[in-house]
There are 2 protein chains.
Amino acid sequence: MMDYTQQAQWLKAMAHPTRLEILDILRRGEECVCHMEAALGKRQSYISQQLMTLRDAGLVDSRRDGLNVFYFLCAPDTLLPLLDAVLGPLDDAARRHLPGCVCPHCAPVAVASS
Amino acid sequence: MMDYTQQAQWLKAMAHPTRLEILDILRRGEECVCHMEAALGKRQSYISQQLMTLRDAGLVDSRRDGLNVFYFLCAPDTLLPLLDAVLGPLDDAARRHLPGCVCPHCAPVAVASS
DNA sequence: ATATTCTATTCAGGATTCGGAATATTGAAT
DNA sequence: ATTCAATATTCCGAATCCTGAATAGAATAT
């Protein structure tokens, strides 16, 4: 007999507009918190909360790199098809370099200035 | 810009063990309430409630046939792939004819007996 | 009309979640 | 040691959800 409890937990963690948007960002690759802050236009503490929910559900994991903490999808093999089914296939037109964002991914051009 | 609200609503309706189990039954075809009652081993009012939740979210719809009300998936084209991604592909080994069930699908052999 | 069967709704308590504000922690730089 | 920047956690009132019990409705048969 199947369990359904584990799957329900996953879906529950996904069933939130902000968290879905975060997952939509992360299926393009890992990102730091400050990037999501710029992308979502929400406060950092709020985003951290939603990330904690996703982490507790086992959907995402994080790694630290200096000051930044990068988040990424935990089980891409099962999660990516699910996100494709929910959000539609990935459109590469969506750009990763946000205007106002200064995270290492968006503004890596700060080497030699003066 | 994408909305994420509609998808979150759908996922939220799915994010419950009993409702997932109901959807798992319905992806094999329509079934009446009394069938699910036998399949899930829960009370009828409880099942009706969960079905109402699924109906309000637009995941299932129903039709009446005499005394029985049959439920079926509402948008199979988008819902079936999603359920496949969540629950795994359909295994036809799971039988539809429950032992204790007397619904028209399970016990249609009441024509000529004596 | 009445009874029976199948399904739907309402109700109420307890439990859980939501969302924002405030605060804490962690690592790097000076 | 101190300061700063990035991220994490805690707290709390409000809102929502869960779930079983009771009740209501709808269709059929007698």
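Sequence lines set the chain letters: A, B, ... in the order given, protein chains first and strands last, and positions in each chain run from 1.
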Residue pair [X] / [Y]: nearest heavy atoms and the distance that separates them:
X       : Y       : answer
B:Leu26 : B:Tyr71 : CD2-O, 3.3 Å
A:Glu31 : A:Met36 : O-CE, 3.6 Å
A:Leu20 : B:Ala8  : CD1-N, 3.7 Å
A:Arg55 : A:Ser62 : CD-OG, 4.3 Å

Sequence-aligned protein contact record of nucleotides 5-15 of chain C, with B where the base is within under 4.0 Å of a protein heavy atom and S where only the sugar-phosphate is | BSBBBBB----
Could you list the residues that satisfy salt bridge (charged side-chain N to carboxylate O under 4.0 Å, His left out) with B:Asp61, not counting sequence neighbours?
->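 Partners of B:Asp61 by the salt bridge (charged side-chain N to carboxylate O under 4.0 Å, His left out) criterion come out as none, since no residue qualifies.
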Partners passing side-chain hydrogen bond (donor to acceptor under 3.5 Å, both in side chains) against B:Asp56 (at least two apart in sequence or in another chain) |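 Scan of B:Asp56 (side-chain hydrogen bond (donor to acceptor under 3.5 Å, both in side chains), adjacent residues dropped) gives none.
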Residues that A:Glu37 engages under side-chain hydrogen bond (donor to acceptor under 3.5 Å, both in side chains), provided they are two or more places apart |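 A:Glu37: no side-chain hydrogen bond (donor to acceptor under 3.5 Å, both in side chains) contacts found.
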Chain A contact limits on DNA chain D, taken 5' to 3' with a cut-off of 4.0 angstrom to heavy atoms |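 With heavy atoms of chain A under 4.0 Å away, the range is D:dA6 to D:dC11.
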Mind checking what makes side chain to side chain contact (heavy atoms under 4.5 Å, CB included) contact with A:Leu80, not counting sequence neighbours?
->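 In terms of side chain to side chain contact (heavy atoms under 4.5 Å, CB included), with neighbours along the sequence ignored, A:Leu80 is linked to A:Arg27, A:Leu73, A:Pro76.
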Check the distance between C:dC18's P and B:Gln9's CD and give it to me in whole angstrom.
->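 Taking CD of B:Gln9 and P of C:dC18, I get 12 Å after rounding.
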Phosphate oxygens OP1/OP2 of C:dG19: is one of them under 4.0 Å from a side-chain N or O of A:His16?
->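 Looking at the OP1 and OP2 atoms of C:dG19, one of them is under 4.0 Å from a side-chain N or O of A:His16.
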Distance test, side-chain N/O of A:Lys12 to OP1/OP2 of C:dT16, below 4.0 Å =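 Answer is no, no contact under 4.0 Å.
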Taking the nucleotide of DNA chain C with the closest heavy atom to each, which residue, A:Arg43 or A:Ala15, is nearer the 5' end?
->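 Result of the comparison: A:Ala15.
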